[in-house]
J.: 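Take this structure first; my questions come after.
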Amino acid sequence: MQDMYSQSLADLEQYCTRLGVPAVHAKTLYRRLFKDFDTAPWNTPGLPVLLAEQLRVDMRCNEASIAQESLSRYDGTVKFLVRMDDGSLVESVLMPEKKRITLCISSQVGCAMACTFCHTGRMGLKRNLTAGEIAVQVVLAQRWIREHASWREERGYPWFASISNIVFMGMGEPLDNIEGVSQALRILSDPLGLNLALRKISVSTAGHLDGLKILLERFPKVSLALSLHATTERERSQLMPINRRWPIGTILNYLRDFYQQRDGDSCLLVQYTVIRGVNDSLDHADRLVELLQGVPVKLNLIPLNEVEPSRFQSPEPESLERFRDHINAAGVRVMIRYSKGQDIAAACGQLVVNAEKRKTSPLSEPVTIS
Ligand code: SF4
């Protein structure tokens with residue numbers, strides 16, 4: 001049986017056509033699924049009997065559910081532990097801001113990239129998520145917002161508030177799961193589906209060149225975030241083993257060409273986790289500026305979130321500010337971004353799911369992010 005949440009609208013239209021029923025019914029099904037959160041859309045009144053019956057034979061909706069939710073007392077961030085049909089656990093994080101609501105979602109169970117400072121990396125890769133398992137994280141969060149009037153009201157959101165932005169910065173390297181992520185992007189951006197413009201969806205990568213080429217060819221308008229974290233090939237290869245396969249110089253050359261062709265209508269978000277004594281000197285700042293030359297960037301400096309056990313430490317506030325000011329003086333758009341949800345282990349670098357330990361200590365487990 002196929003998962004309804006993994007179908008693009010075009011897939012469902014073809015399905016209808018193959019059955020010999022008008023393709024317009026696919027739109028009805030899509031609305032029921034993604035706007036009404038109906039998990040049995042084949043029961044929709046008015047569907048041709050043949051279509052309804054065949055759907056019951058061929059399709060199902062995956063039964064992913066929120067196994068646990070944690071609300072930050074400080075900033076209203078909500079971390080969801082989502083259980084997939086096979087029992088796999090992933091995390092998504094809902095981050096309220098004044099003018100937008102962002103959901104950070106996972107693309108894999110674990111991650112194969114093994115970045116040394118990252119707790120998801122230590123899990124290894126268990127498996128890719130399907131497009132439906134990616135999309136359902138958004139459906140679950142959207143339904144949660146609808147059902148939690150007090151959370152909306154405390155933040156001054158109207159009753160119809162919905163997720164406005166998606167970031168693929170949860171568990172996994174999205175471009176290592178390019179087919180699942182591509183199909184999820186079709187579903188998330190469909191006006192009859194979750195209706196999120198591609199520029200409001202940000203795909204974050206550690207530098208997976210093969211996936212990057214496919215992504216930008218298929219979805220040139222999607223927002224892109226690059227996790228950089230180091231300024232020389234040697235240092236980056238130590239922190240992020242993926243750099244040995246695709247050196248950062250090669251990735252940035254490719255992106256330089258891409259953005260030149262885009263002619264200034266978009267820019268690259270670069271994330272740089274600042275780690276005390278590892279990548280936070282003024283020499284690093286100089287090299288960072290040099291490395292990014294010719295690429296239109298917004299640079300976010302993210303002080304490392306310390307997660308035990310780790311040999312890495314977050315930077316001193318003064319040295320972080322000095323680092324930022326030095327880069328700013330060189331004309332690069334740069335901001336310090338403090339992660340949200342730190343009290344619920346939902347911040348960057350904290351997403352890790354350890355099902356065994358979680359049985360006894362659900363909230364104390366560290367979890368990660370790209
Ligand atoms: S930082 Fe991102 S790419 Fe690297 S191991 Fe963690 S989840 Fe994977």
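All values below were derived from every heavy atom in this structure, side-chain atoms included, with hydrogens, water molecules and symmetry-related copies excluded. Please read all numbers here as calculations on a predicted model, not as lab measurements. Counting starts at 1 for both ligands and their atoms, following the listed order.
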J.: Side chain, backbone, both or neither: which part of Cys115 comes within less than 4.0 Å of ligand 1 when only heavy atoms are counted?
T.: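 Looking at Cys115 and ligand 1, atoms from backbone and side chain both fall under 4.0 Å.
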J.: Return the CD1 to OG distance between Ile242 and Ser237, rounded to the nearest 0.5 Å.
T.: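 The distance works out to 10.5 Å.
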J.: Measure the acute angle between the ring planes of Trp144 and Trp151, then classify it against the limits of 30° and 60° as parallel, tilted or perpendicular.
T.: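 Trp144 vs Trp151 ring planes: perpendicular.
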J.: Donor-acceptor pair, Asn177 side chain versus Leu129 backbone, under 3.5 Å?
T.: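 The answer is yes, because a donor-acceptor pair under 3.5 Å joins these two groups.
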J.: Is there a donor in the side chain of His229 and an acceptor in the side chain of Glu235, or the other way round, less than 3.5 Å apart?
T.: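 Not at all, the side chains of His229 and Glu235 share no donor-acceptor pair under 3.5 Å.
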J.: For Ala114, which part has a heavy atom under 4.0 Å from ligand 1: side chain, backbone, both, or neither?
T.: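 Near ligand 1, Ala114 shows its backbone, while the atoms from C-beta on stay back.
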J.: List ligand 1 atoms under 4.0 Å from Cys118, heavy atoms only on the residue side.
T.: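 Here the atoms of ligand 1 in question are 1 (S), 5 (S), 6 (Fe), 7 (S).
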J.: Gly121 heavy atoms, cut-off 4.0 Å: which ligand 1 atoms fall inside?
T.: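 Atoms satisfying the 4.0 Å criterion: 5 (S).
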J.: Does Cys111 bring an N, O or S atom to under 2.8 Å of atom 8 (Fe) of ligand 1?
T.: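 So Cys111 does bind atom 8 (Fe) of ligand 1 by this criterion.
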J.: Between the side chains of Ser107 and Glu173, does any donor sit under 3.5 Å from an acceptor?
T.: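 No donor-acceptor contact under 3.5 Å links the two side chains.
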